Amino acid sequence: MPNQTGSDIISFKERATTGLVKPLNDLLVVELIIQNINVTKILVDTGSSADIIFKDTFKRMEINPFRFMGDPNPIVGLSREATMTLSTINLSVKASNMTKIVEFLVIDRPMLYNTIVGTLWLNSIQAVPSTYHMCLKFPTSRGIETV
């Protein structure tokens, strides 16, 4: 856990929204480095307890599928529709100077996003997302970082 001081308080300022088109009704979508590859269109979903990577994204990243672990399992979303995972895979995810190994569920389904990061990853880096400010902030040894 990062060494926190009184100056490491996470806060969001109204001026940070200057230049954003309002009203802000967009989902929080970020860019992260996964396995040393810059990955765009990553949905930050605070309602998801899973971190998901889609098969098409995985193939574009040219990661060896032999790294898959585990058996297929069903996952159920808010719509109560079950989807089968292909497997799981551990991948490094870097946000600013913070790198964590994340266990992703691999799903073969068309999606607008390349991956979905949920509360497991957010909590692992102690991130605080703000859809109003269109960013997430988290503590590091160098202070508060913003993605």
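Just so we're clear, the structure is a prediction, and the values are computed from it rather than from any experiment.
Annotation for Trp121 and Val102: closest pair CD1-CG2, 3.4 Å, computed over non-hydrogen atoms. When all heavy atoms of Ala95 and Leu32 are compared, the closest pair comes out as CB-CD2, 3.6 Å. Closest non-hydrogen pair, Leu136 versus Ala127, comes out as CD1-CB, 4.0 Å. Listed here is the closest heavy atom pair of Met61 and Ile34: CE-O, 3.4 Å. Residues Thr119 and Ser49 approach most closely at OG1-CA, 3.6 Å, considering heavy atoms. Scanning all heavy atoms of the two residues, the minimum distance from Pro139 to Gln126 falls at CG-OE1, 3.2 Å.
For the residue pair Glu31 / Thr40, no side-chain donor-acceptor distance below 3.5 Å is found, with atom types taken as modelled.
One N or O on the side chain of Gln35 and one on the backbone of Ser92 form a donor-acceptor pair closer than 3.5 Å. Although no hydrogens or angles enter the test, the distance criterion places a donor-acceptor pair under 3.5 Å between the side chain of Thr140 and the main chain of Gly143. Counting only distance, with no hydrogens or angles, the side chain of Asp108 and the backbone of Val106 share no donor-acceptor pair below 3.5 Å. Side-chain atoms of Lys137 come within 3.5 Å of backbone atoms of Ser11 as a donor-acceptor pair (strictly under, hydrogens ignored). Ser96 places no side-chain N or O within donor-acceptor distance of the main-chain N or O of Glu145, the cut-off being under 3.5 Å. Under the 3.5 Å distance criterion, the side-chain polar atoms of Thr57 are matched with a main-chain donor or acceptor of Asn114.
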### Query
After noting the C-alpha distance and the side-chain angles of Met69 and Asn90, does the key distance pass the side-chain contact (heavy atoms from CB on, under 4.5 Å) rule?
CA-CA 8 Å; Met69 305 174 309; Asn90 290 333; 3.4 Å; yes

### Query
Stepwise, does the side-chain contact (heavy atoms from CB on, under 4.5 Å) test hold for Leu43 with Leu27?
CA-CA 7 Å; Leu43 177 64; Leu27 298 172; 3.8 Å; yes

### Task
Please test Asn97 against Arg142 for side-chain contact (heavy atoms from CB on, under 4.5 Å), starting from the C-alpha separation and ending with a verdict.
CA-CA 9 Å; Asn97 70 336; Arg142 298 187 319 195; 3.1 Å; yes

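Around the CZ atom of Arg109, the shell of radius 6.0 Å holds no more than 12 heavy atoms that belong to other residues, nucleotides or ligands. Enclosure of atom CG in Asn36 is not indicated, since only 12 or fewer non-hydrogen atoms of other residues, nucleotides or ligands lie within 6.0 angstrom.
The CD1 atom of Ile125 lies 12.5 Å from the CG atom of Leu120; values are rounded to the nearest 0.5 Å. Atom-to-atom distance recorded for Asn73:CG and Leu86:CG is 11.0 Å, nearest 0.5 angstrom. Between atom OG of residue Ser124 and atom CE of residue Met98 there is a gap of 8.0 Å, rounded to the nearest 0.5 Å. Atom CZ of Phe54 is separated from atom OG1 of Thr115 by 8.0 Å, given to the nearest 0.5 angstrom. Between the CD1 atom of Ile53 and the CD1 atom of Ile89 there is a distance of 7.5 Å, given to the nearest 0.5 Å.
Cluster annotation: Ile37 and Val30 are assigned to the same hydrophobic cluster (Ile/Leu/Val/Met/Phe/Trp/Tyr, side-chain heavy-atom contacts under 4.5 Å, transitive). Two different hydrophobic clusters hold Met111 and Ile42 under the rule that ILVMFWY side chains link at heavy-atom gaps under 4.5 Å. Under the 4.5 Å side-chain heavy-atom criterion for Ile, Leu, Val, Met, Phe, Trp and Tyr, Val93 and Ile107 are members of distinct hydrophobic clusters. Hydrophobic clustering (ILVMFWY, side-chain heavy atoms < 4.5 Å, transitive): Tyr113 and Val117 are in distinct clusters. Transitive grouping of hydrophobic side chains (ILVMFWY, heavy atoms separated by less than 4.5 Å) keeps Phe58 and Ile116 in distinct clusters.
Taking Phe104 as the reference, nothing meets the ring pair (Phe, Tyr, Trp, His ring centres under 6.0 Å) condition, with sequence neighbours excluded.
Thr46 places a side-chain heavy atom less than 4.5 Å from the side chain of Pro129. Put simply, the side chain of Asp51 does not reach to within 4.5 Å of the side chain of Glu103, judged on heavy atoms. Looking at heavy atoms from C-beta onward, Thr131 lies out of side-chain contact with Asp26 at the 4.5 angstrom threshold.
Taking 4.0 Å as the cut-off between side-chain N and carboxylate O, Lys59 and Glu62 do not count as a salt-bridged pair.
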